[in-house]
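Everything on this sheet refers to the single structure shown next.
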Amino acid sequence: MSPDPFALDVVAAARALVGWTVSHAGCAGVIVETEAYHEREPACHAHIGLTARTHILFGAPGTAYVYRSYGIHALLNVVVEPEGTGAAVLIRALEPMAGVELMRRRRARQAGTDLCSGPGKLTQALGIWLERNGGDLRTGPIRLEPPPAGRAAPALVTGPRVGITKAVDLPWRFCARGSRHVSRPWPPGLGASRPRAQVGSGAAD
DNA sequence: CATGGGATTGACT
DNA sequence: GTCAATCCCATGC
């Protein structure tokens, strides 16, 4: 299988990118959750067409699209599909693999909770900010690397995308089955065990 | 030029 | 469960 998912259609790319590694500024994690966005559906920023904000989405596949969300957070996307088509894969969660102490320091206020279990959390943990918008993910500073050759593709759980108000029924969210590093709300059938200490309300396993 | 709205998170009732 | 934070961009007058 080609190690270049960037030219694939956005849904295939979103599925293929689960299991890849993202690294930046001394930290790295394996992607456990993605979502697909495409200009032909209204939840995608590129739906409004080519503007100052969206032109990166129409650019070369393998480019980083980093934008500010709710005035507070930076969200990381991988631009996919051929140049001229507005499409991207949102990286929603990572399993921390390297530089975990540095991640904890960057997220000092939430050191006890999950470090990368959300699109705004992982950019904070990795030190990714808006200045990375437009960068080439194959050369860095943000690097995207394929899983080791021969590793089986992770089983995926599919569900509707999170946090949007348009095209809410499209099943374009993909989570690694069994991973407890996925963002909330966990999709049905994820198969991950609860983080502990939340049990007690009488529910048995 | 004024205004509305987020591809979210963490704190609080 | 509810809700504020915070700011750039897109839209409308």
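Chain naming here is simple, since letters A, B, ... match the order of the sequence lines and numbering starts at 1 in each.
- A donor-acceptor pair shorter than 3.5 Å can be found between the side chains of A/Arg132 and A/His24.
- Here B/dG4 presents its C1' atom at 12 Å from NZ of A/Lys166, a figure rounded to the nearest Å.
- Of the inter-residue distances, the one linking A/Tyr65 atom OH with A/Leu76 atom CG reads 11.5 Å to the nearest 0.5 angstrom.
- Taking CG of A/Leu90 as the start and SG of A/Cys44 as the end, the distance is 10.5 Å to the nearest 0.5 Å.
- Between the CG atom of A/Asn133 and the P atom of C/dC7 there is a distance of 18 Å, rounded to whole Å.
- The listed nucleotides are B/dT8, C/dA5, B/dG6; the one nearest the side chain of A/Ile72 is C/dA5.
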- Query: Dot-bracket for DNA chain B: what is it, with Watson-Crick or G-U pairs under 3.5 Å, [ ] where a pair crosses earlier ones, and | for a pair to another strand?
  - Reply: ||||||.|||||.
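- With sequence neighbours left out, the side chain to side chain contact (heavy atoms under 4.5 Å, CB included) criterion links A/Arg106 to A/Ala25, A/Cys27, A/Leu102.
- Contacts of residues 77-103 of chain A with DNA chain B (heavy atom under 4.0 Å): A/Asn77, A/Leu90, A/Arg92.
- Within the 4.5 Å cutoff, the side chain of A/Arg161 has heavy atoms near those of the A/Glu41 side chain.
- In this structure, CE in A/Met103 is found 9.5 Å from CE in A/Met97, a value given to the nearest 0.5 Å.
- Looking at heavy atoms from C-beta onward, A/Leu144 lies out of side-chain contact with A/Thr21 at the 4.5 angstrom threshold.
- Side-chain atoms of A/Thr165 lie closest to B/dG6 of the nucleotides B/dT8, B/dG6, B/dG10.
- Remark: C1' of B/dG5 and NE2 of A/His47 are 16 Å apart, rounded to the nearest angstrom.
- Partners of A/Ala60 by side chain to side chain contact (heavy atoms under 4.5 Å, CB included), not counting sequence neighbours, listed by chain and number: A/Thr63, A/Glu83.
- Protein atom CG of A/Leu130 is 9 Å distant from nucleotide atom P of C/dC8, rounded to whole Å.
- With A/Phe174 as the aromatic partner, A/Arg92 does not meet the cation-pi criteria of under 6.0 angstrom to the ring centre and within 45 degrees of the ring axis.
- Residues from residues 49-69 of chain A that place a heavy atom under 4.0 Å from any atom of DNA chain B, listed by number: A/Tyr67, A/Ser69.
- Look at CD1 on A/Ile48: it is 19 Å from P on B/dG4, rounded to the nearest Å.
- Of the listed nucleotides (C/dT11, B/dT8, B/dA7), B/dT8 has the atom at the smallest distance from the side chain of A/His73.
- Screening residues 163-175 of chain A for side chain to side chain donor-acceptor pair (under 3.5 Å) gives A/Glu33-A/Arg173, A/Arg173-A/Ser183 as the qualifying pairs, with residues at least two apart or on separate chains.
- In this structure, A/Tyr70 places its OH atom 14 Å from C1' of C/dC8, rounding to the nearest Å.
- Rounded to an integer number of Å, the gap from CZ of A/Arg173 to P of B/dT8 is 10 Å.
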- Task: Starting from the C-alpha separation in whole Å, work towards a yes-or-no answer on ring pair (Phe, Tyr, Trp, His ring centres under 6.0 Å) for A/His45 and A/Tyr37.
- Result: CA-CA 8 Å; A/His45 292 172; A/Tyr37 288 86; 7.6 Å; no
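- Atom CG in A/Leu76 sits roughly 12 Å away from atom C1' in B/dA7 (whole-Å rounding).
- In this structure, the separation between CG on A/Leu126 and CD1 on A/Ile142 is 8.0 Å, given to the nearest 0.5 Å.
- Going from the P atom of C/dA4 to that of B/dG4 covers 16 Å, rounded to whole Å.
- A distance of about 22 Å separates the C1' atoms of B/dG10 and C/dC8, rounded to the whole Å.
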